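Quick caveat: nothing in here was measured; it's all calculated off a predicted structure. To find a chain, count down the sequence lines: A is the first, B the second, and so on, and within it residues start at 1.
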2 protein chains.
Amino acid sequence: MKLAEAKDKFLQTWGALGSNWGVSRTMAQIHALLLIAPDPMSAEDVMEQLQISRGNANLNIRALIDWGLVQKELRSGERKEFFVAEKDIWKVFRMVVKERRKRELEPMLRILADLKEIDGSKTDRETKEFIEVIDNIHRLAGKADKSLATLIKADENWFLGSVMKLMR
Amino acid sequence: MKLAEAKDKFLQTWGALGSNWGVSRTMAQIHALLLIAPDPMSAEDVMEQLQISRGNANLNIRALIDWGLVQKELRSGERKEFFVAEKDIWKVFRMVVKERRKRELEPMLRILADLKEIDGSKTDRETKEFIEVIDNIHRLAGKADKSLATLIKADENWFLGSVMKLMR
DNA sequence: ATAAACTTTCAAAAAGTTTTGAAAGTTCAA
DNA sequence: TTGAACTTTCAAAACTTTTTGAAAGTTTAT
């Protein structure tokens, strides 16, 4: 396989993966592009390489910065902004987990806590079943939340090393 | 909060969550509905409660069965099919992880292995950077794959218990 | 103050995804 | 067999998300 072909395949694959991870297709592609770029790229460079519009490029680069996956790099004497991706994949993974925990898990925990406050006799089957299910979900979600909080802070080798050893 | 209101809120919340997890909105709502139902429900029941069409109900119930989240239940003397959701949330979680591992992680691992086969001098910066990045991703993805394989087989208390203790 | 070099915004268009519902298919009791 | 009771399929419609591109905004050198 030629380099150009491999690069393209990687952009496509990373893009597809992204849409399964709450990161939009283009966002993931821009990230992929920056990941394999040996040097910082300007918005213009990104637009050209991925054949996307100025607005689209701008929007998604901004989102990547928001997620903490890309950083601006300014050069003295240049007005243009350049961008670099975080290249430590373990850090990227943690960033994504962190962001999703904030956006999804935390709101859900609040709602579940609310739902348990349902009033009425815990005697009829419907109510009983409902409370039981919500409670189970709430407990698991709580544990997951704590585990993720720790994972977010953890060092790669330490984490994967211990978990995998543990798992024999 | 009244039971009916709480149920509705739960259906909406679970539906929204689903779309972040590779399970379509309606699919997740049907799952939620079955989760809190004290008894098995027929396709007709689901259609009525969720106000969705026959085709939609059928398609998504089938998908849920595919994912292993819902099971058919036949009653002798009745031609209609009834459906029950898996109510053990930890099992549900494992099922989802298992399915996504198969659908996303495994194909990606194959592609990454391929991408490393790139030919050409590892001397120029572009090629070097590319191989380096792909290799890092491949290694992390491999570790993740192994960890997930173990998690899928693990028992809830054992898993969360040990990981959380470990994480202190 | 001006203009060149950029970045940001946003409404409209395109693309992608999900849902519908009518028609076709299947199963089973009689 | 037949037909009633269901389930499945699929093309078209509805809805959602993403992308575009032109216009507006910002910054900096002169």
message = Looking at B/Asn58, I'd like to know whether one of its side-chain N or O atoms comes within less than 4.0 Å of OP1 or OP2 on D/dT8.
response = yes
key: Spacing between B/Ile61 atom CD1 and D/dT7 atom C1', to the nearest angstrom   = 10 Å
ask   = So do the side chains of B/Leu35 and A/Ile137 get within less than 4.5 Å of each other, counting heavy atoms only?
value = yes
key: Side chain to side chain, A/Ile131 and A/Lys116, heavy atoms closer than 4.5 Å   = no
task = Take the protein atom CG of B/Asp45 and the nucleotide atom P of D/dC6, then report the distance between them rounded to whole Å.
result = 11 Å
task = Please list residues of residues 64-84 of chain A whose heavy atoms come under 4.0 Å from any atom in DNA chain D, ordered by number; otherwise none.
result = A/Arg79
ask   = Could you give the angle between the helix axes at the two ends of the helix from C/dA1-D/dT30 to C/dA30-D/dT1, with five pairs per end, rounded to 10 degrees?
value = 10°
task = Only one of B/Arg101, B/Lys102, B/Arg100 passes side chain to side chain donor-acceptor pair (under 3.5 Å) with B/Glu104; say which it is.
result = B/Arg100
Name the atoms and distances for all side-chain donor-acceptor pairs under 3.5 Å in residues 12-29 of chain A, with sequence neighbours left out.
unit_1  : atom_1 : unit_2  : atom_2 : d
A/Thr13 : OG1    : A/Lys9  : O      : 2.7
A/Trp14 : NE1    : A/His31 : ND1    : 3.2
A/Ser19 : OG     : A/Ala16 : O      : 2.7

Between the protein and nucleotides 16-26 of chain C, list every N/O to N/O distance that falls short of 3.5 Å.
unit_1 : atom_1 : unit_2  : atom_2 : d
C/dT19 : OP1    : B/Thr26 : OG1    : 2.2
C/dT19 : OP2    : B/Thr26 : OG1    : 2.9
C/dT20 : OP2    : B/Ser53 : N      : 2.9
C/dT20 : OP2    : B/Ser53 : OG     : 3.2
C/dT20 : OP2    : B/Asn56 : ND2    : 2.8

ask   = Counting distance only, does the side-chain N/O of A/Asn60 pair as donor-acceptor with the main-chain N or O of A/Asn56 below 3.5 Å?
value = yes
Donor-acceptor contacts under 3.5 Å from residues 64-85 of chain B side chains, at least two apart:
unit_1  : atom_1 : unit_2  : atom_2 : d
B/Lys72 : NZ     : B/Glu81 : OE2    : 3.1

query = Which heavy atom of A/Ala141 sits nearest a heavy atom of A/Leu109, and at what distance?
reply = CB-CD2, 3.6 Å
query = Listed by chain and number, what are the salt bridge (charged side-chain N to carboxylate O under 4.0 Å, His left out) partners of B/Glu126, not counting sequence neighbours?
reply = A/Lys7
